[in-house]
Number of protein chains: 2
Amino acid sequence: MAPVIRTARERAREELTLEIKREARRQLADEGAQRLSLRAVARALGMASSALYRYFPSRDDLLTALIIDAYNALGDRVEEAVAKSPADDPRAQWRALCHGVRDWARENPHEYALLFGTPVPGYAAPQDTIAPAARVPLALVAVIRGAAGRLDLRAPVRPLRGALAEQTSALVAAMAPEVSAGVFTRGVVAWSQLVGMVSFELFGHLVGSFDPADAFFAHTVEEMADFVGLP
Amino acid sequence: MAPVIRTARERAREELTLEIKREARRQLADEGAQRLSLRAVARALGMASSALYRYFPSRDDLLTALIIDAYNALGDRVEEAVAKSPADDPRAQWRALCHGVRDWARENPHEYALLFGTPVPGYAAPQDTIAPAARVPLALVAVIRGAAGRLDLRAPVRPLRGALAEQTSALVAAMAPEVSAGVFTRGVVAWSQLVGMVSFELFGHLVGSFDPADAFFAHTVEEMADFVGLP
DNA sequence: GCGCTGTCAAGAGCAGTGCTCTCGTTTTTG
DNA sequence: CAAAAACGAGAGCACTGCTCTTGACAGCGC
């Protein structure tokens, strides 16, 4: 393993890397990813802009690092919210998860936009992001798994056919064997609905209709809990 | 009214405005809004970059014009798809609407991102965009209205309380008086789910799970049609 | 302790951006 | 016909991401 005592150089490098990300995150929160400027970050840190390239080979790499941090911040928040909920109350956990996502998004709109808005770089999500990105979806299926056997579907799930049945059964076998394929797809539907609704609110698509979205959001969270059959 | 025969200058201006938008749309489709450059547009048109500012006061204004055009293109596409469906088959119309949105989005990913991704300008959606932006949602409630009286809800809608009841009753009275408040909210839920799912597919959030999303999309469209009670 | 080697910050510079201002020219208008 | 408005082009400002070179310093084996 790496030694605990590093050379002065290595410690300085690690510290500066953190400081750069900290300042970049500040500017991101202030002005959005669009206006995040390497030169401005360097200026705020009192160093030459060229020196920054020793730590992040390009602006996109800095953004990727911020994306990973944001995914982890959201993951921490949501996992903690779920953990604080009663262990035997899947609906309370569901509520905590959904409201955790929304609250975090409203507190960090630019970071949320970085995760779920238009992808900034050339469409290719680096490999390092997929694990942090999976945390909230995994927490969501964990909540559903915790309710397995007690699920109560008011409306039966339509049968899965052909390619969808194959895709779903592979996924279910890998990550939620105690849950039926139909319920699993409903979980994915609810996840996309949650992100769609939060994006609507943050991106201003609800201004003419449910402008203070609190009541609508709370209601929809319950409806989607019913949709996946949570007790 | 304005005369049909305009001065040569006015006709030239109108034509050049269209040409600028055409070229900008080309570059938008190629590289995305991020890389859309006024200078590059001017270069392609063989004119000085400064001359462009006589037609669009800023880059954001050009983008706003493109946003309006994109909303209208999507609106045309969806309205036409619904109109081509059997008049007495709300579920077929629903299918046409949802698949119309997805198909258009897949054919014009950057323009879709412009509409439903991270808002590019300073968060304020200009007044001119809200009418074109409302076309697809309005088409969606029209489909539901067309099925009023024949709706079949497998799972009853949770009662709307407090602020939500007030917001919804105002909206329902204004745009869908023959539909119950509960069904109306489910329509909004389905709309946000649709956009969330298409965004997931286009922005790469489905790569690990339902990567070819065709089967999952088709299945979910039917599930959401059930959700709003379409016959 | 000494020198080599790799790492580092800094500066200059390149190509590009949005945007403003001025300056002649052209077209419309009174 | 003359005044006024609109127009295209050019120069220029302040900024961006990024590259290359230069000189200084730290860490290592000897």
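Naming convention: chains lettered A, B, ... in sequence-line order (proteins, then strands); numbering from 1 in each chain. The figures that follow rest on heavy atoms only: side chains count, while hydrogens, waters and symmetry mates do not.
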**Q** So, using side chain to side chain donor-acceptor pair (under 3.5 Å) as the criterion, who are the partners of A:E166 when residues are at least two apart?
**A**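 With neighbours one apart ignored, the set is empty.
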**Q** Please give, in whole Å, the distance from D:dC15 P to A:R43 CZ?
**A** 7 Å
**Q** Would you call the rings of A:F216 and A:F210 parallel, tilted or perpendicular, where under 30° means parallel and over 60° means perpendicular?
**A**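 The rings of A:F216 and A:F210 lie parallel, inter-plane angle below 30°.
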**Q** My understanding is that only residues two or more places apart in sequence, or in another chain, count here; which of them pass side chain to side chain contact (heavy atoms under 4.5 Å, CB included) with A:S192?
**A**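 Expected list: B:Q193, B:M197, B:F200.
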**Q** For A:E23, what residues pass the salt bridge (charged side-chain N to carboxylate O under 4.0 Å, His left out) criterion, not counting sequence neighbours?
**A**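 Listed in chain order: A:R26.
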**Q** Please give, in whole Å, the distance from C:dT7 P to A:E14 CD?
**A**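 Atom-to-atom, A:E14 to C:dT7, this comes out as 17 Å.
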**Q** Taking CG from A:L38 and P from D:dG17, how many angstroms apart are they, rounded to a whole number?
**A**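 Result: 5 Å.
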**Q** For nucleotides 24-30 of chain C, give me one character per nucleotide, 5' to 3': B if any protein heavy atom sits under 4.0 Å from the base, S if the only such contacts are to the sugar-phosphate, - if neither.
**A** --BBSS-
**Q** Measuring to OP1 and OP2 of C:dC19, would you say a side-chain N or O of B:R59 lies under 4.0 angstrom away?
**A**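 No.
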**Q** Listing request: all side-chain hydrogen bond (donor to acceptor under 3.5 Å, both in side chains) pairs with a residue in residues 66-82 of chain B, at least two apart in sequence or in separate chains.
**A** B:K21-B:D69, B:R25-B:D69, B:N72-B:R135, B:D76-B:R135, B:R77-B:E107, B:E79-B:R135, B:E80-B:K84
**Q** Partners of A:A40 by side chain to side chain contact (heavy atoms under 4.5 Å, CB included), sequence neighbours excluded?
**A** A:Q27, A:S37, A:R43
**Q** Just checking A:L16: base, sugar-phosphate only, or nothing, at a heavy-atom cut-off of under 4.0 Å?
**A** sugar-phosphate
**Q** Counting only heavy atoms and a strict 4.0 angstrom limit, can you tell me which residues of residues 25-32 of chain B come near DNA chain C?
**A**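 None, since no heavy atom is under 4.0 Å.
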**Q** Rounded to whole Å, please give me the gap between CZ in A:R39 and C1' in C:dG13.
**A**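 The distance from CZ of A:R39 to C1' of C:dG13 comes to 10 Å, rounded to the nearest Å.
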**Q** Could you state the CZ-P distance from B:R35 to C:dA15, rounded to the nearest angstrom?
**A** 19 Å
**Q** Rounded at 0.5 Å granularity, tell me how far CG in B:L16 sits from OH in B:Y55.
**A**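 With rounding to 0.5 Å, CG (B:L16) is 4.0 Å from OH (B:Y55).
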**Q** Output the rounded distance in Å from CG (A:L62) to P (D:dG17).
**A** 10 Å
**Q** Could you check how far CD of B:Q34 sits from P of D:dG17, rounded to whole Å?
**A**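 Taking atom P of D:dG17 as the reference, CD of B:Q34 is at 11 Å.
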**Q** Counting the atoms with a prime plus P, OP1 and OP2 as sugar-phosphate, which does A:L36 contact under 4.0 Å by heavy atoms, base, sugar-phosphate, or nothing?
**A**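 Touches sugar-phosphate only.
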**Q** Taking side chain to side chain donor-acceptor pair (under 3.5 Å) as the definition, give me every residue that meets it alongside A:Q167, ordered by chain and number, with sequence neighbours left out.
**A** none
**Q** Kindly write out the residues that satisfy side chain to side chain donor-acceptor pair (under 3.5 Å) with B:S58, not counting sequence neighbours, or none if the list is empty.
**A**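 B:S58 satisfies side chain to side chain donor-acceptor pair (under 3.5 Å) with B:D61 once adjacent residues are dropped.
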**Q** With sequence neighbours excluded, tell me which residues meet side chain to side chain donor-acceptor pair (under 3.5 Å) with B:R54.
**A**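 With sequence neighbours excluded, B:R54 shows a side chain to side chain donor-acceptor pair (under 3.5 Å) to no residue whatsoever.
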**Q** Output the residues of residues 49-57 of chain A in contact with DNA chain C, where contact means a heavy atom of the residue under 4.0 Å from an atom of the strand; sort by number or write none.
**A**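 Output list: A:S50, A:A51, A:R54, A:Y55.
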**Q** Roughly, in whole Å, what's the span from CG in B:L63 to P in C:dT17?
**A**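 Checked: the CG to P distance equals 15 Å.
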**Q** Quick test of your reading: applying side-chain hydrogen bond (donor to acceptor under 3.5 Å, both in side chains), list the pairs with at least one residue in residues 195-209 of chain A, sequence neighbours left out, ordered by first then second residue.
**A** A:R102-A:E201, A:R106-A:E201, A:Y112-A:S199
